[in-house]
Amino acid sequence: MILIVDDNQNNLFSLKKLLESKDFQVDTADSGPEALGKALKNDYALIILDVQMPEMDGFEVAETLAGYSGTKDIPIIFLSAVNTEKRFITKGYASGGKDYVTKPVDPEILLLKVKTFYNLQEQNIAMRKTQQSLELEVKRQTRIAGDDEIANRSFSSDVGVFTTDCIHA
């Protein structure tokens with residue numbers, strides 16, 4: 001799912017319709033604090049984040065998300081109509097953004113970027129799940145091998161007792 005964050009309802013509506021037309025599942029937030037709350041409760045493959053918002057700007061949201069283990073790896077695409085100077089774009093990348101797009105947005109270019117980051121994130125999630133499964137399997141196999149070793153020691157010990165008893169008898 002993709003989270004779109006923008007304080008302008010028209011922008012939210014337009015972006016949501018654009019992404020849904022390409023079969024993306026979309027959630028929206030109209031403020032930084034709302035976005036943080038949703039990001040901590042839901043799994044998002046991508047966040048499209050407006051820079052210029054009251055109360056908490058997009059840079060602050062990104063920096064906060066980067067501080068949580070559950071959200072630090074979510075790719076963020078910044079959108080901005082006002083902050084198009086190099087220093088703002090640099091700040092966007094420094095605060096955790098993976099891309100910075102200026103408005104007005106070219107829908108085709110934005111869709112290409114969204115598809116790229118979305119697919120990469122989905123692949124990363126799949127790799128993490130595979131890694132976790134492999135780690136669990138290694139632990140299970142190690143435990144089984146340890147149990148087999150203990151059983152073999154016990155068997156060897158029992159055979160030794162049996163052999164000793166037969167010799168003395």
Side-chain angles (χ1 to χ4, degrees), residues 1-6 11-51 53 56-80 88-103 105-155:
M1 187 178 329
I2 298 171
L3 176 63
I4 304 169
V5 187
D6 199 315
N11 291 344
L12 282 176
F13 180 79
S14 298
L15 282 172
K16 183 176 183 184
K17 290 300 169 198
L18 174 67
L19 295 175
E20 286 177 340
S21 74
K22 299 299 179 188
D23 297 324
F24 286 106
Q25 290 184 333
V26 179
D27 194 5
T28 62
D30 62 9
S31 70
E34 182 183 6
L36 291 174
K38 286 187 171 193
L40 292 172
K41 293 177 187 168
N42 301 296
D43 291 327
Y44 295 108
L46 176 66
I47 297 174
I48 300 174
L49 184 57
D50 184 33
V51 172
M53 294 186 294
M56 182 179 220
D57 70 28
F59 301 134
E60 292 172 294
V61 173
E63 289 167 358
T64 303
L65 290 171
Y68 292 104
S69 62
T71 58
K72 68 182 173 81
D73 294 325
I74 303 171
I76 296 171
I77 298 176
F78 282 109
L79 293 181
S80 183
F88 291 109
I89 295 170
T90 303
K91 185 174 182 180
Y93 285 106
S95 65
K98 300 295 182 219
D99 207 343
Y100 197 104
V101 178
T102 57
K103 297 176 186 176
V105 174
D106 180 326
E108 289 179 53
I109 299 296
L110 181 62
L111 280 171
L112 290 171
K113 291 174 182 279
V114 165
K115 286 178 186 176
T116 299
F117 286 115
Y118 186 89
N119 289 337
L120 286 171
Q121 184 67 359
E122 291 295 308
Q123 290 171 358
N124 285 337
I125 290 168
M127 282 193 316
R128 271 189 246 127
K129 286 180 181 177
T130 300
Q131 181 180 4
Q132 289 171 346
S133 294
L134 290 171
E135 287 171 355
L136 287 172
E137 181 62 19
V138 166
K139 286 179 184 176
R140 189 179 76 77
Q141 291 294 333
T142 302
R143 189 175 59 248
I144 289 171
D147 291 347
D148 286 348
E149 186 176 323
I150 291 169
N152 286 338
R153 279 192 214 143
S154 177
F155 177 74

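From K16, atom NZ reaches atom CD of Q25 across 11.0 Å, with rounding to the nearest 0.5 Å. In this structure, OH in Y100 is found 10.0 Å from OH in Y93, a value given to the nearest 0.5 Å. Here CD of Q141 is found 12.0 Å from CG of L136. Values are rounded to the nearest 0.5 Å. A distance of 11.5 Å separates CG of D73 from CG of L65, quoted to the nearest 0.5 Å. Note that CD1 of I74 and CD of Q121 are 7.0 Å apart. Values are rounded to the nearest 0.5 Å. Rounding to the nearest 0.5 Å gives a distance of 8.0 Å between CD1 of I76 and NZ of K98.
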| message | Apply side-chain contact (heavy atoms from CB on, under 4.5 Å) to residues V101 and D106 and explain how you reach the verdict. | response | CA-CA 9 Å; V101 178; D106 180 326; over 6 Å; no
| task | Give the intermediate values and the outcome of side-chain contact (heavy atoms from CB on, under 4.5 Å) for residues M1 and F24. | result | CA-CA 7 Å; M1 187 178 329; F24 286 106; over 6 Å; no
| request: Take T64 and M56 through the side-chain contact (heavy atoms from CB on, under 4.5 Å) test and state the conclusion after the steps. | output: CA-CA 10 Å; T64 303; M56 182 179 220; 3.7 Å; yes
| said: If you apply the rule side-chain contact (heavy atoms from CB on, under 4.5 Å), what do you find for D99 with F117, and how did you get there? | reply: CA-CA 9 Å; D99 207 343; F117 286 115; 3.8 Å; yes
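With hydrogens and angles disregarded, no donor-acceptor distance shorter than 3.5 Å links the side chain of D57 to the backbone of M53. Between the side chain of S14 and the backbone N or O of N11, no donor-acceptor pair lies under 3.5 Å. Within the 3.5 Å criterion, the main-chain N or O of D30 finds a donor-acceptor partner in the side chain of E34.
Residues L19 and V114 have side chains in contact (heavy-atom distance under 4.5 Å, counting atoms from C-beta outward). The shortest distance between side-chain heavy atoms of Y118 and P75 does not fall below 4.5 Å. T71 has its side chain out of reach of L36: every pair of non-hydrogen atoms, C-beta onward, lies at least 4.5 Å apart. At least one side-chain heavy atom of M127 sits less than 4.5 Å from a side-chain heavy atom of N124.
The heavy-atom pair separating K72 from A66 by the smallest distance is CB-O, 3.4 Å. Closest approach of S95 to F78, counting heavy atoms only: OG-CZ, 3.5 Å. In terms of heavy-atom proximity, A35 sits nearest to V61 at CB-CG1, 4.5 Å.
Of the residues listed (I4, T102, L15, V5), the one engaging L79 in a side chain to side chain contact (heavy atoms under 4.5 Å, CB included) is L15, and it is the only one.
Below 30°, between 30° and 60°, or above 60°: for F88 and F59 the angle between ring planes is below 30°, a parallel geometry.
Shown here is E108, whose CD atom has no more than 12 heavy atoms of other residues, nucleotides or ligands within 6.0 Å.
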With a 3.5 Å cut-off and sequence neighbours excluded, list the donor-acceptor pairs that the side chains of residues 38-50 form with protein atoms.
| unit_1 | atom_1 | unit_2 | atom_2 | d |
| --- | --- | --- | --- | --- |
| K38 | NZ | D27 | OD1 | 3.0 |
| K38 | NZ | T28 | O | 2.6 |
| N42 | ND2 | K38 | O | 3.0 |
| N42 | ND2 | Y44 | OH | 3.2 |
| Y44 | OH | D27 | OD2 | 2.5 |
| D50 | OD1 | K103 | NZ | 3.4 |

